[in-house]
Amino acid sequence: MSKTALILSLDTANIGGSVFLGRGAEELASKIGNADVSHSNSLLSDINECLNKAGVSLSDVEVFACAAGPGSFTGLRIGIATLKGLAATLQRPCIGIPTLQAVARAAGPSPLTVSLLPAGRGEVFAQMFSVSADAVVEKDQPAHLSPAKLMARYGVLEHVLWAGNGAHNERTFLAEQATLRGLVFRVDDTETVTGWRVAPKVDDLAQYVAALALRAYDEGAVQSAQSLSAIYVRPSDPELKELCR
């Protein structure tokens with residue numbers, strides 16, 4: 001099915017984010033968002049730009065996909081609400097892909113990949129995977145971690161590929177921690193398998209969301225617009241304030 005399915009995928013979990021339109025594995029159009037502009041102001045126009053570039057209409061889209069979280073709370077809500085609205089209106093299936101899984105897929109094959117996304121206040125969302133050409137396999141559960149807890153969880157690993165915007169934000173910290181452990185530290189490296197490496201930064205994450213969604217689509221693992229929901233690893237700031245009252 002995915003060899004010819006027209007898929008529209010979104011990443012609004014990251015600041016800026018991206019939109020991808022493809023027919024199966026073939027890219028027809030893509031758009032990397034502006035980090036200085038809210039998804040609420042740009043997402044629909046970015047989608048429309050991709051449709052126009054590919055010469056297709058929204059009604060031609062057969063499956064909708066998005067990064068479902070964790071990530072920016074506001075961004076996730078905008079992206080998922082938009083996707084649900086489009087899928088429900090057109091009565092199309094939709095697929096939510098865990099953001100950290102898409103980050104690992106974007107970094108390429110690796111025995112151990114730790115995906116990191118910024119969570120605010122110097123903290124990160126983190127999860128470990130093994131990645132092959134055919135599969136992204138969870139090795140633990142996603143977590144919301146401080147730098148100290150990140151090292152408590154993964155600091156014993158001698159060979160790891162750090163991936164995602166969180167890894168680039170914490171590059172200096174990771175380099176310091178690697179030095180303390182006597183490990184080689186490399187940036188923008190996915191070729192070797194020794195020491196700690198930081199994968200090259202990927203801005204078009206929606207492309208990898210689409211790749212994982214197409215595999216799920218082939219396996220019949222689709223969702224309705226009504227069943228699609230965000231993956232939250234921690235409460236939002238308003239929810240945290242309410243819990244502390």
Side-chain angles (χ1 to χ4, degrees), residues 2-3 7 9-11 13-14 17-18 20 22 24-27 30 32 65-71 95-119 124-145 150-151 153-171 174-175 177-178 181 183-222 231 233:
S2 67
K3 290 182 180 179
I7 183 169
S9 65
L10 315 175
D11 165 36
N14 288 284
S18 55
F20 175 88
E26 178 190 1
E27 178 180 328
S30 64
I32 295 173
C66 70
I95 301 169
I97 297 297
T99 314
L100 292 166
Q101 188 178 124
V103 168
R105 173 68 174 77
S110 167
L112 288 178
T113 297
V114 176
S115 296
L116 301 179
L117 288 172
V124 294
F125 298 115
Q127 189 174 11
M128 184 167 64
F129 302 88
S130 64
V131 183
S132 67
D134 298 322
V136 179
V137 180
E138 294 182 341
K139 306 297 287 187
D140 60 13
Q141 295 300 306
H144 172 225
L145 303 172
L150 179 70
M151 287 300 104
R153 197 178 201 194
Y154 301 117
V156 296
L157 299 174
E158 294 184 359
H159 310 296
V160 60
L161 177 63
W162 303 93
N165 290 338
H168 282 268
N169 288 355
E170 299 299 328
R171 184 169 56 187
L174 293 173
Q177 293 298 313
R181 290 161 173 76
L183 300 173
V184 173
F185 182 80
R186 302 180 180 89
V187 178
D188 293 345
D189 182 359
T190 57
E191 299 301 322
T192 58
V193 293
T194 58
W196 283 9
R197 301 164 292 137
V198 176
K201 191 172 183 179
V202 173
D203 293 320
D204 57 339
L205 192 67
Q207 173 184 351
Y208 300 95
V209 170
L212 293 171
L214 287 170
R215 183 176 294 275
Y217 184 61
D218 274 348
E219 296 170 353
V222 299
I231 300 170
V233 178

Side-chain atoms of residues 200-213: list all donor-acceptor pairs with protein atoms under 3.5 Å, sequence neighbours left out, distances to 0.1 Å.
none

Checklist entry - Can Arg181 and Gln177 be said to form a side chain to side chain donor-acceptor pair (under 3.5 Å), step by step? => result CA-CA 6 Å; Arg181 290 161 173 76; Gln177 293 298 313; 2.7 Å; yes
Checklist entry - Is Phe125 close to Pro142 at the side-chain level, that is, under 4.5 Å between some pair of heavy atoms? => result no
Item to check | Donor-acceptor under 3.5 Å (Thr99 side chain, Gly69 main chain) | outcome: yes
Next on the checklist: Test side chain to side chain contact (heavy atoms under 4.5 Å, CB included) on Phe185 and Val198; report intermediate values, then the result.
Outcome noted: CA-CA 8 Å; Phe185 182 80; Val198 176; 3.6 Å; yes
Next on the checklist: For a quick test of reading the model, state the closest non-hydrogen atom pair linking Ala199 to Asp188 and the distance between them.
Outcome noted: O-OD1, 4.1 Å
Checklist entry - Between Arg153 and Ala126, which heavy-atom pair has the shortest distance, and what is it? => result NH1-O, 3.8 Å
Checklist entry - Measuring from Leu150:CG to Leu116:CG, what's the distance to the nearest 0.5 Å? => result 5.5 Å
Next on the checklist: Restricting to non-hydrogen atoms, name the atom on Pro70 and the atom on Leu100 that form the minimum distance, rounded to 0.1 Å.
Outcome noted: CG-CD1, 3.8 Å
Checklist entry - Under the side chain to side chain donor-acceptor pair (under 3.5 Å) rule, what pairs show up with a residue in residues 127-138, not counting sequence neighbours? => result Gln127-Glu138
Using distance only, find each side-chain donor-acceptor pair of residues 154-165 under 3.5 Å and give its atom names and separation, not counting sequence neighbours.
{"unit_1": "Tyr154", "atom_1": "OH", "unit_2": "Asp140", "atom_2": "OD2", "d": "2.7"}
{"unit_1": "His159", "atom_1": "ND1", "unit_2": "Gly195", "atom_2": "N", "d": "3.0"}
{"unit_1": "Asn165", "atom_1": "ND2", "unit_2": "Asn14", "atom_2": "OD1", "d": "3.1"}

Checklist entry - When rounded to the nearest 0.5 angstrom, what distance separates OH in Tyr217 from CD1 in Ile95? => result 8.0 Å
Checklist entry - After noting the C-alpha distance and the side-chain angles of Leu174 and Arg197, does the key distance pass the side chain to side chain contact (heavy atoms under 4.5 Å, CB included) rule? => result CA-CA 9 Å; Leu174 293 173; Arg197 301 164 292 137; over 6 Å; no
Item to check | Thr194 OG1 to Asp189 CG distance, which is reported to the nearest 0.5 Å | outcome: 8.0 Å
Next on the checklist: What's the separation between atom CZ in Arg186 and atom CD in Glu191, rounded to the nearest 0.5 Å?
Outcome noted: 11.5 Å
Checklist entry - What's the spacing between Asp11 CG and Ile32 CD1 if we round to 0.5 Å? => result 10.5 Å
Checklist entry - Atom CD1 in Ile7, atom CZ in Phe20: separation rounded to 0.5 Å? => result 8.0 Å
Checklist entry - What's the shortest heavy-atom distance between Leu112 and Ser110, and which atoms? => result O-OG, 3.0 Å
Next on the checklist: How close do Gly166 and Pro118 get, counting heavy atoms only, and between which atoms?
Outcome noted: N-CD, 3.6 Å
